[in-house]
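Notes for the one structure printed next.
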Amino acid sequence: MTLISSSSTQKSGVAPAALHTEKLTMQYARKVAFRDVTLSVPAGQITALIGPSGCGKTSFLNCLNRLTELTPNTQTTGTVLLDGQNIQAMELIQLRRRVGMLFQKPNPFPLSIYRNLEFPLQEHGIGQRDRVAQIIEINLRRVGLWEEVKDRLKSPALALSGGQQQRLCLARTLALNPEVLLMDEPCSALDPISSEVVEALIDRLRGDYTVLVVTHNLAQARRIADRVALFWMEDTVGKLIESGSGQELFESPQHPLTQAYISGKRG
Amino acid sequence: MIKQRPRSRRSSFGEPLMQGLLWSSVLLITGAFMWLCSDIVRHGFRQLSWDFLTQLPRDTGRSGGIGPILVSTGLIIGVCLGVSIPLGVGTAVFLNEFSAPQRWLSQFLGISLDILAGVPSIVFGLFGNAFFCKTLGLGFSILSGGLTLACMVLPILIRSTQAGLQSVPNDYRLSAAALGVSRSAVLWQVLLPAAMPGLVVGLLLGIGRAIAETAALLFTSGYVDRMPTSLMDSGRALSVHIYDLAVNVAGGEQNAYGTALVLVLLLMMINGSVSWLGKRFQQTRILDV
Amino acid sequence: MTTLLKRSILSRSYGDRFVAALFQGFAIASGAIVLLIILFLLRESYPILHRVGVLRFFRDPSWHPTSGEFGAMPMLWGSLLVTLGSVLIATPLGILSAIFCQYYAPPRLAPLYRRLIELLAGIPSVVYGLWGLVVLVPLVRRIQPPGTSLLTGIWVLALMILPTIMLVADASLANVPAAYLRGAAALGLSRWAIVRGVAIPTAQAGLMTGILLAIGRAIGETMAVLMVCGNVVQVPDSLFDPVRTLTANIALEMAYAMNEHRSALFVSGLILTGLIAILVTIGEWVNRGQMYD
């Protein structure tokens with residue numbers, strides 16, 4: 001038990017990095033997803049992005065690790081700084097290693113549980129068997145999956161339950177030792193119990209990682225977020241309406257839309 | 001009050017008529033199939049023996065076996081697959097994973113493949129004769145025949161590999177990208193293994209088409225029924241042997257039937273083993289440490 | 001969906017660049033094959049086209065390429081008649097078979113029957129030819145000699161292309177949304193009325209595609225017709241007359257053809273490819289029509 005708890009709080013290596021976007025705008029072929037978003041995400045804190053569906057939160061998240069480049073005909077303007085460095089100027093693979101991502105739907109590869117972690121590690125140049133095994137064990141322990149899967153590491157990852165798959169995906173991302181973690185509604189596709197487990201895991205990442213999480217669950221945002229940013233749709237274009245510490249935003253919202261949203265009147 | 005409308009004459013009449021028509025056409029087709037199969041099995045089975053499979057043909061094929069013909073067929077198929085698998089899989093991967101569909105090269109390839117898939121096999125024979133045999137100077141040889149067949153099965157391989165890749169969920173590509181994994185690595189480790197069923201289906205169809213092919217081989221790999229000593233030798237394929245025995249050799253029908261049975265059995269065996277291999281391959285990849 | 005990841009530059013890693021270049025090379029090679037085929041057909045037929053022109057192939061009274069007569073019309077007729085006959089037989093049988101499998105067959109029988117048709121599709125054409133030659137030709141000869149005839153060709157070919165029509169029709173009928181069928185059934189329509197009024201119109205494009213594929217296969221088929229049609233160069237007067245198709249002509253004469261004769265055979269190859277190109281175009285058009293429906 002001591003081993004689990006010590007390793008679950010322990011983080012080796014890189015310090016969390018701050019993210020800052022300046023007048024970030026992204027458009028698809030015909031539609032502007034969001035415009036002029038200027039937001040600071042402080043290092044080591046959990047920032048929640050809230051707001052109604054379709055207001056550009058996911059698109060915003062995808063800009064931060066340049067995943068939008070996978071979709072043809074998208075255009076991004078403005079700057080994103082990771083630890084003061086422009087991400088456009090960074091090597092793509094390095095960027096995506098430093099900025100990890102967890103998707104709404106758990107998406108492990110159709111490989112074995114072990115291979116799901118080993119494969120990305122090898123790709124990033126960590127090939128030593130002992131070391132890989134060590135990293136995998138540590139990270140599976142951190143997401144509380146080790147005890148559940150240690151006897152069937154070689155069985156297909158797709159045979160795990162939804163919640164286990166999501167934790168595996170988190171372990172897979174953590175194994176690469178990222179500085180920032182982007183999460184796109186990581187709990188919304190899970191059953192209530194798994195959702196609670198994953199939320200607790202996110203909560204424990206505080207301090208070790210900069211976490212940016214999109215959520216539709218206001219109660220969840222209130223529980224885990226240090227800072228909150230509200231996105232809203234204005235004339236079919238997503239906008240950042242208000243951002244601040246969780247306490248400020250929930251207790252004394254400045255913008256009328258924020259007041260309406262958090263009290264459940266709109267959205 | 002609404003009275004029940006009388007059924008229209010057409011439908012009351014149509015239904016039993018259709019039933020009769022359907023069942024009789026099904027019986028007709030099944031009958032024809034049984035006739036064909038029983039004929040091949042009945043006549044062919046008598047010829048089948050170890051000696052038939054291993055010995056040299058004698059008396060221009062009327063007696064003796066089909067040993068060299070089996071070897072030639074195997075070599076022709078081998079050359080065909082050796083060339084068409086890398087070319088076909090590479091092209092499919094390029095089209096699906098590396099190229100935008102709007103690019104002119106992709107569009108041109110799409111149209112080309114449709115044409116290639118429709119070109120009659122005898123035209124492939126003409127092309128193979130002019131290009132491989134004459135222009136490249138390979139003459140009537142197993143190499144010429146195999147290369148000609150490779151051109152022929154290419155569209156089948158490409159289309160089914162593409163279908164296989166298309167069926168791989170985009171989640172895998174997304175999560176690989178988010179993990180900063182290079183595209184070539186995700187291709188070898190995830191996409192191709194996941195697309196394996198499509199690839200295997202293509203392989204199966206391709207082998208089926210290649211081994212059944214006759215017209216494209218008549219003027220490329222030729223008629224020589226001796227044991228080939230190299231890929232530059234002319235070699236007679238099973239299907240060409242059947243044709244020659246049936247048409248050019250009086251009294252060759254029995255051995256033609258024997259060869260036909262071997263060909264049909266071979267087709268079934270290849271289909272079976274390839275799909276078995278494909279399944280196994282997929283499993284081992286998933287379970288691989 | 002797979003428009004994702006289509007961007008040509010995603011990563012600057014060497015491995016990716018190498019793999020992308022390698023596969024692009026493979027793709028270019030595959031595309032080049034079509035160009036090569038067309039190029040070689042044209043190059044080999046150029047001498048004769050240049051000297052006598054393409055019209056002589058349709059106008060000359062007879063086919064004696066060694067003495068300067070290039071009339072290919074009888075062979076073209078042969079190809080068209082064999083194709084027409086076999087398609088006329090195979091289309092209703094194939095579509096009825098598909099309807100049977102989808103809507104009428106007892107649940108256990110449908111997959112069995114489909115499996116049988118798939119087996120039929122897998123039998124090589126030379127085996128069909130052998131069977132036709134040994135079994136059907138003597139049967140027809142009993143009615144009227146010589147037995148090798150247009151009729152036997154149609155018979156064998158119909159059996160060969162039937163699986164194509166059946167399997168494509170079966171797949172497109174299976175794609176008819178179940179909601180349509182339920183809706184029609186809820187209106188109290190009979191099974192045949194549902195098939196005729198809903199299923200067939202919805203699957204129309206697929207049925208057409210199957211028929212076009214079958215026509216293409218029939219026109220291009222060589223071995224089976226070569227073995228059972230008798231190969232006499234003439235426009236047939238009856239079903240019992242022997243005919244020679246364009247494909248059979250190439251197979252028969254290629255072995256000894258020289259110079260202009262060889263060149264003339266390549267012209268018939270071009271004509272065949274042209275016929276197929278027309279069919280492919282019609283097919284595209286049929287499928288496009290469906291898309292805009």
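No experiment lies behind these values; they were computed from the predicted model shown. Here is the naming used below: chain letters follow the sequence lines, and residue numbers restart at 1 for every chain. Just the heavy atoms: all of them, side chains too, but no hydrogens, waters or symmetry mates, feed the values below.
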Below 4.5 Å from any heavy atom of chain B, which atoms of [X] appear? Answer side chain, backbone, both or neither.
| X | result |
| --- | --- |
| C:Ile123 | side chain |
| C:Phe100 | both |
| C:Thr222 | side chain |
| C:Ile38 | neither |
| C:Leu41 | side chain |
| C:Ile215 | neither |
| C:Leu275 | neither |
| C:Ala251 | both |
| C:Phe266 | both |

Is it true that B:Arg183 and B:Glu97 make a salt bridge, defined as a side-chain N closer than 4.0 Å to a carboxylate O? no
Residue, of B:Leu28, B:Ile40, B:Leu109, that accumulates the most heavy atom pairs under 4.5 Å with chain C: B:Leu109
Could you have a look at C:Val135, C:Ile37, C:Leu279 and say which one has the most heavy-atom pairs with chain B under 4.5 angstrom? C:Ile37
Pick whichever of C:Ile250, C:Leu22, C:Leu246 has the most heavy-atom pairs under 4.5 Å with chain B. C:Ile250
Do the ring planes of B:Phe127 and B:Phe131 sit parallel (below 30°), tilted (30 to 60°) or perpendicular (above 60°)? parallel
Using 30° and 60° as the class limits, which term best fits the ring planes of C:Trp131 and B:Trp35: parallel, tilted or perpendicular? perpendicular
Are the side chain of C:Asn231 and the backbone N or O of C:Leu226 linked by a donor-acceptor pair below 3.5 Å? yes
